[in-house]
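This report concerns only the one structure given below.
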Amino acid sequence: MVKEKLFPDYIFESSWEVCNKVGGIYTVLSTRAKTLQDALKDRIIFIGPDCWREKECPYFREDSKLFKDWKKEALKEGINIKVGRWTIPGEPIAIMVDFIPYFSKKDQIYGQLWENYQVDSLHAYGDYDEASMFSYAAALVVESFYKFYLDDTKKVVYHGNEWMTGLGLLYVNKFLPQIATIFTTHATSIGRSIAGNNKPLYDYLFAYNGDQMSGELNVQSKHSIEKQTAKYVDCFTTVSEITAKECVELLDKPVDVVLPNGFENNFVPKGAAFTRKRKEARKRLLDVANALMGTDLDDDTLIVSTSGRYEFRNKGIDVFIEAMNRLLRDKDLTKNVVAFIEVPGWVGEPRKDLQERLESGKKYDTPLEVCEITHWLNNMSHDNVLEMLKYFDMHNYKEDRVKLIFLPCYLTGDDGIINMTYYDVILGNDLCIYPSYYEPWGYTPLESIAFKVPCITTDLSGFGLWANSIKGDYSEIEDGAKVIHRTDYNYSEVADIIKDTVAKYSNMSDDEVKKARQNADKLSKKALWSQFIKYYYDAYDFALRKAEERKQEINNTSIH
C-alpha cells in the first residue's frame, strides 16, 4: 500500500535573499513562490531581513491589515517586523524582521548554541554575525506566529536556505519540536572556499577533511553552523547530485532529498514582443560596443556573453577570456564576435565619455581609452578581468575579429550605460557561455535557454549534469546546451572546446541556428517549477514524518 504523502498546512521559508536581491537564491525562491502560493493560498510565508530600515524596499509592499493582532503581540515581545507582500509572481506574504536589536545578546545566543549543538562561533567574522542575528530573529518570528495562531494539530514546516539560516533552524529544532525543519545548502561554504582558493576540489574530495580544511581556510564558524544544522534538521537537502557528493565528504552527512532548481518562464516575452525585445537588446549592445571602440559592428555580429557572480575561477571567467583570446586566431571563425563579461565588480561610476557618445547618436571611428570597459572601477589596477586582458594584450584593436567588453555592474535597468534589465539584455545574445568550475546548480545557463539562447556550460555544474541526463549522453550545442567535460586540470582543453563551439556556431545555417534555439526553449520547459516541485513535496513529507514521530513521543511521555 502506498502511503499518502504528508503535506504542510503552513510553510515558513527564510533566507537572507527574501525581498533582497543578491544572487541565485533570490531567483530560486522568487520563481518558485507562485507554485507554492497556488498550492497553499497565503499559508506559505517568507521571512527576510529588514535591510532597508526607513528606506522603501523595491521588492516588498507593506500591508497593515495582514495579521494585525499578531503584529501587536509580536511588538510586545520585542519583535519588530513589517508584514506585507513580496512583489513577485504569486505575491506571497513576506515578513521582514529587524535583527539589529539582537546584537546586544549575541554572546549569550552563541553560548547557548555551543551548549546545545556544539556550534563554534568563536572564529566568526564578516557576515557571520549579521546572518546569525537575522536567523535568530526569523526563528522568533516563527515561534511567535505559531503560538498566536497555530497548534500541534497543524502540520508546519520551517525551511531555511544556506548556512545563514542555520542558527534559527537549530532554535526551532530545540524549542518548537512540533515543527518540521528543512535545511537547503545551495553550496557548502567549505567547498566554495576550496575551489575559490585554487585547490583541486574534485579529485581529492574523498581525502579532504571538512573540519580541518575549514581551519586552514579560515571558515570554521560558517562550516560549523552548516555541519551541525545538516546533522540535526529533519530533512537535509541540496540542489544537485554534484553538491550532494560534496555534503557527504565535507559535512559528513548525506542529503535526504535533492531539490533541483526550477524556473518560471512567465517573464519570457512571447511572439512579436519577443522579436521586438531581442532586436532592441541587440541594437543597444552593439551601439554601446561601437561607441566604446569606434567600430561599426552590424547586426550580423555574433553576440556572446558570460555572467553571474564575480568568482573569477569558480564561474570560469578566466577560461572564458582564454577561449576568446584563442578565438582571435581561429581560422574557422566566419563572423565578428563581441563578447560581454557581465559580472558586478567594484564599480565606481558609468563613463561620462561613453555616455556622451551614446547620447550624441553619432558614429565614431576612434576608440575611447581603455575601450574594454563600460564603467570605471574604484580600483582599475587591481581587477582580475582587466589584468588578464592586459596579459593577453587584448585591447579591442580595430583588426581583431573578437572584441571583449567588461560590463562590471548589476543590470537593473539604471546602470547609466546599458539601462536595460538583465532579462532584457540576455535576449540579445546569440550564445551564452558559463564554463564553471564550481557551480552547485547554475541558474545562468537555465535562464539563457529559457530565453531561447543556446548556452555552453560544464559537467561540474548541476545544470550541466541535468542537461546530460535529459539527453542520456553529453548534450551538444544543437540540443540547445553544450556541456563540456571539466576536471580539476583540463582548463586548456575546456578553452579550446569553447573556442571551437563558437567558431562552429558562426558557421551554422539560419535553419540550424533556429533549430538550436528551439531545442534550448524545449529543454528549458523540462526545468519549469511545475516539473521540479515534486521534489519539494518529497522533502516536506520526509520532514513532516519525523515531526509526527516526535509529537507522538512527546504525547506518550506526557500521558505517562
Side-chain angles (χ1 to χ4, degrees), residues 8-22 25-26 29-30 33 36-37 40-88 90-106 108-109 112 127 129-151 154 156-162 164-176 178-179 181-182:
D9 297 307
Y10 277 83
I11 297 172
F12 296 93
E13 183 158 9
S14 77
S15 163
W16 185 258
E17 298 193 33
V18 166
C19 301
N20 183 27
K21 202 171 194 169
V22 184
I25 295 171
Y26 183 92
L29 273 57
S30 63
L36 289 177
Q37 173 69 325
L40 282 144
K41 311 280 182 289
D42 279 352
R43 286 175 292 113
I44 165 87
I45 297 168
F46 288 96
I47 306 170
D50 186 5
C51 306
W52 304 84
R53 310 275 181 276
E54 306 311 314
K55 293 200 303 239
E56 199 177 328
C57 168
Y59 314 110
F60 174 80
R61 188 179 65 248
E62 201 162 356
D63 182 345
S64 54
K65 293 191 290 295
L66 274 172
F67 309 137
K68 210 167 164 182
D69 298 346
W70 166 63
K71 204 176 154 186
K72 278 186 207 144
E73 183 61 33
L75 202 56
K76 275 188 217 158
E77 295 165 16
I79 304 169
N80 191 10
I81 49 177
K82 291 174 187 162
V83 182
R85 298 208 175 257
W86 193 352
T87 53
I88 52 174
E91 299 229 320
I93 291 174
I95 297 169
M96 290 167 72
V97 62
D98 178 12
F99 54 91
I100 298 299
Y102 303 103
F103 274 92
S104 58
K105 296 164 60 179
K106 185 182 74 172
Q108 186 189 332
I109 293 166
Q112 212 175 11
D127 53 357
D129 288 343
E130 202 175 34
S132 298
M133 293 310 103
F134 156 63
S135 182
Y136 180 74
L140 296 184
V141 168
V142 173
E143 182 178 45
S144 175
F145 187 100
Y146 184 89
K147 287 181 173 166
F148 193 84
Y149 287 117
L150 309 174
D151 57 44
K154 293 279 185 278
V156 182
V157 162
Y158 180 49
H159 185 176
N161 293 275
E162 288 288 77
M164 305 168 98
T165 59
L167 192 149
L169 280 160
L170 293 175
Y171 180 95
V172 169
N173 186 66
K174 175 84 180 155
F175 298 107
L176 295 157
Q178 58 279 53
I179 293 181
T181 49
I182 300 177

Ring pair (Phe, Tyr, Trp, His ring centres under 6.0 Å) with Tyr136: of Phe175, Tyr171, Phe99, only one passes, and it is Tyr171
Going from CG on Asp98 to CD1 on Ile79, what distance comes out if it is rounded to the nearest 0.5 angstrom?
-> 11.5 Å
Are the side chains of Asp42 and Arg85 in touch, meaning some heavy atoms are under 4.5 Å apart?
-> yes
Just how far is it from atom OG1 of Thr165 to atom CZ of Phe134, taken to the nearest 0.5 Å?
-> 7.5 Å
Hey, could you give me the CE/CD1 distance between Met96 and Ile81, rounded to the nearest 0.5 Å?
-> 12.0 Å
Would you say the side chain of Glu91 lies within less than 4.5 Å of the side chain of Gln37, judging by non-hydrogen atoms?
-> no
One should read off an interatomic distance between Leu29 CG and His159 NE2, to the nearest 0.5 angstrom, of 7.5 Å
Side chains of Phe145 and Phe67: closer than 4.5 Å at any heavy-atom pair?
-> yes
So, Ser14 and Tyr158: side-chain donor and acceptor under 3.5 Å apart, yes or no?
-> yes
For the student: nearest non-hydrogen atoms of Val18 and Trp86, plus distance | CA-CH2, 3.9 Å
Compute the ring centroids of Tyr59 and Tyr26, then answer whether they are less than 6.0 Å apart.
-> yes
Measure the spacing between CG of Asp129 and CD1 of Ile109 and express it to the nearest 0.5 Å.
-> 10.0 Å
Side chain to side chain, Pro101 and Asn80, heavy atoms closer than 4.5 Å | no
How many angstroms lie between atom CD1 of Ile11 and atom CG of Leu36, to the nearest 0.5 angstrom?
-> 5.0 Å
Going by heavy atoms in the side chains, are Trp16 and Ile25 under 4.5 Å from each other?
-> no
Pair Tyr146 and Phe12, ring centroids less than 6.0 Å apart = no
May I ask you to test the Leu176-Gln178 pair for a side-chain heavy-atom distance under 4.5 Å?
-> yes
